[in-house]
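Atom set for the values below is all heavy atoms of this structure, side chains included, hydrogens, waters and symmetry mates excluded.
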Amino acid sequence: MAKILYITPFFNFPPKDGASYRSIYFFEKLSQRHDVVLLTYPNESLELYLNQNDCKPKIHELSEKSGSNKILSFFQRLFSSELPGFASHDINSISENIEKVILEYGKFDVYYFATQLMGQAILKKKLNGIKVIDLYDLYVEHRQGKKSDVPMWKPYYWLFLLEAMRVKKYERKIFEMFDHVLVTCDEEATIVDKLVNKASIFKLPNGVNYPKKIKKTSEIGNILMVGNFEHAPNREGILWFYHKVWKTVKRRYVNSKLILVGKMPDTLKDYFSNDMNIKVEGIVPSLDSYYEMATCVIIPIFHLSGIKIKLLEAMAHRVPIVSTHSGGMGFENVQTIRFADTPESFADAIHKLLTDDIIPEHELDKTRKIIYEGFTWNKIGNDLINIIESLEKNRFLRL
């Protein structure tokens, strides 16, 4: 049995976002076989989580002290040493909290950091043990994607280019401090391998709670997007769809309805408030009924950010998908996904699914089988246990 310190910024229960799903299921899976201590930010759901678990997991809350949340101007960002995303987490505070947990429990065999937001604390704290970082996203890819969205002659192109270079350098510095890196897909593995020479990389995709029974209630015309719309790739994706695709879809198919499910800031809701054909549902207790009534799911994501849980969920529910290549990454040969990267091709793909592009039942069943065999949380969690136990065994043999 290994002694593991599991450090994550994402632990909202019950989970409603991809990061929390991954953090909670991995924590629980590891706890079945190992002595695991959780270190995360305080939130109201932690008490609920403790009350619903008879085993009383060991949970320690990080200090609420956070990093900078200042909104910087263009010129401030140009010369700032603070990096997008990273600056909102105080690495000194995280490092101090890790030290407090070590003083209480003693040294750990494995230090498991969920995302580089937590992982950057390793730059301040030397740890004796196996150091693992689980990358939910690669931030350098998002910054480079931001650059590609802007013409070279605009000042923000050069700002995004500079920030991408800074983030790349910082992520490399973090990754080099870890013994092992977990990624969700082959594409991310390639990027990490280029950043860190001879890195020890393991692919560990996201998973889903597999729906055993499906009750289809779809009305032709229901277009569904699920996601945390505060997360930049989702926010940028839905705004791209709304401004560049949605009018064309409505013109071609007048009964089309866009249903948006997930956390959404009020500023984004304002974009959709005057359109009677858009329903903003927010956070819901269960997604099953929304997938059941959807004619198709859209994933307009343009920046590499791992295998999408919303993609796996749609596949498990036998729902056709229209996605950009980044959104459907890793599933390019799946016949129930229509890939499109331009407004015209995206609108065309949706229109065909709403009218005459009938996907055969056996293809929908085949897609669902892919999820059952390889992408349930139980399956992915067992893979994680095997990885951690093999690392611990190898470390023991070297001692």
Exercise. Going through the checks in order, is the side chain to side chain contact (heavy atoms under 4.5 Å, CB included) test met by Y49 and I59?
Worked result: CA-CA 10 Å; Y49 182 78; I59 298 179; 3.8 Å; yes
For this session: Give a yes or no on whether the ring-centroid distance for F375 and F331 is below 6.0 angstrom.
Result: yes
For this session: Could you walk me through whether Y21 and N209 pass side-chain hydrogen bond (donor to acceptor under 3.5 Å, both in side chains), step by step?
Result: CA-CA 10 Å; Y21 271 113; N209 291 320; 5.1 Å; no
For this session: Answer yes if the side chains of H60 and Y105 hold a donor-acceptor pair under 3.5 Å, and no otherwise.
Result: yes
For this session: For residues E82 and A87, report the shortest heavy-atom separation together with the two atoms involved.
Result: CB-CB, 3.7 Å
Exercise. Between D288 and K215, is the closest basic N to carboxylate O distance under 4.0 Å?
Worked result: no
Problem set entry | Evaluation steps, side-chain hydrogen bond (donor to acceptor under 3.5 Å, both in side chains), between N206 and T184 | CA-CA 6 Å; N206 283 318; T184 67; 5.2 Å; no
Problem set entry | Exceeds 12 heavy-atom contacts within 6.0 angstrom, atom NZ of K16 | yes
Exercise. Do the side chains of I359 and I220 join up, straight or via other hydrophobic residues, at under 4.5 Å, putting them in one cluster?
Worked result: yes
For this session: Answer yes or no: is there a donor N or O on one side and an acceptor on the other, between the side chain of S273 and the main chain of D270, under 3.5 Å?
Result: yes
For this session: Mind telling me whether Y170 and F86 have parallel, tilted or perpendicular rings, with 30° and 60° as the class edges?
Result: perpendicular
Problem set entry | Enclosure of Y242 OH (heavy-atom neighbours >12, cutoff 6.0 Å) | yes
Exercise. Side chains of Y290 and E313: is there a donor and an acceptor less than 3.5 Å apart?
Worked result: no
Problem set entry | Aromatic plane relationship, Y111 with F108 - under 30° parallel, 30 to 60° tilted, over 60° perpendicular | perpendicular
Exercise. Does R368 pair with D365 as a salt bridge, N-O distance under 4.0 Å?
Worked result: no
Exercise. Which pair of heavy atoms, one from I337 and one from S323, lies closest together, and at what distance?
Worked result: CG2-CB, 4.3 Å
For this session: Test salt bridge (Lys or Arg N to Asp or Glu O under 4.0 Å) on K131 and D179 and set out the steps.
Result: CA-CA 5 Å; K131 297 174 285 294; D179 301 310; 3.5 Å; yes
Exercise. Can K58 and D35 be counted as an ion pair, charged N to O under 4.0 angstrom?
Worked result: yes
Exercise. Is a donor on one side and an acceptor on the other found under 3.5 Å between the side chain of N43 and the backbone of F11?
Worked result: yes
Exercise. Are the aromatic ring centres of Y112 and F26 under 6.0 angstrom apart?
Worked result: no
Problem set entry | Residues, nucleotides or ligands: over 12 heavy atoms within 6.0 Å of K352 NZ | no
Exercise. Is there a donor-acceptor pair under 3.5 Å between the side chain of R77 and the backbone N or O of E163?
Worked result: no
Exercise. In terms of hydrophobic clustering (I, L, V, M, F, W, Y; side-chain heavy atoms under 4.5 Å; direct or indirect links), are L258 and V254 co-clustered?
Worked result: no
Seminar exercise, completed: Exactly one candidate in Y271, W246, F346 meets ring-ring contact (aromatic ring centres under 6.0 Å, His included) with W240; the answer is F346
For this session: Please step through side chain to side chain contact (heavy atoms under 4.5 Å, CB included) for the pair L239 and L268, ending with a clear verdict.
Result: CA-CA 9 Å; L239 287 175; L268 191 54; 3.5 Å; yes
For this session: Give me the ring orientation class for H89 and Y41: parallel if the planes are under 30° apart, tilted from 30 to 60°, perpendicular past 60°.
Result: tilted
Problem set entry | Test log, rule side chain to side chain contact (heavy atoms under 4.5 Å, CB included), inputs I133 and I122 | CA-CA 10 Å; I133 185 168; I122 203 170; over 6 Å; no
Exercise. Quick one: are the ring centres of H351 and Y253 less than 6.0 Å apart?
Worked result: no
For this session: Answer yes when K379 and D383 have at least one side-chain N-carboxylate O distance shorter than 4.0 Å, and no when they do not.
Result: yes
For this session: Just say parallel, tilted or perpendicular for the rings of Y136 and F10, cut-offs at 30° and 60°.
Result: tilted
Exercise. With a cut-off of 6.0 Å (strictly less than), are more than 12 heavy atoms of other residues, nucleotides or ligands near NZ of K244?
Worked result: no
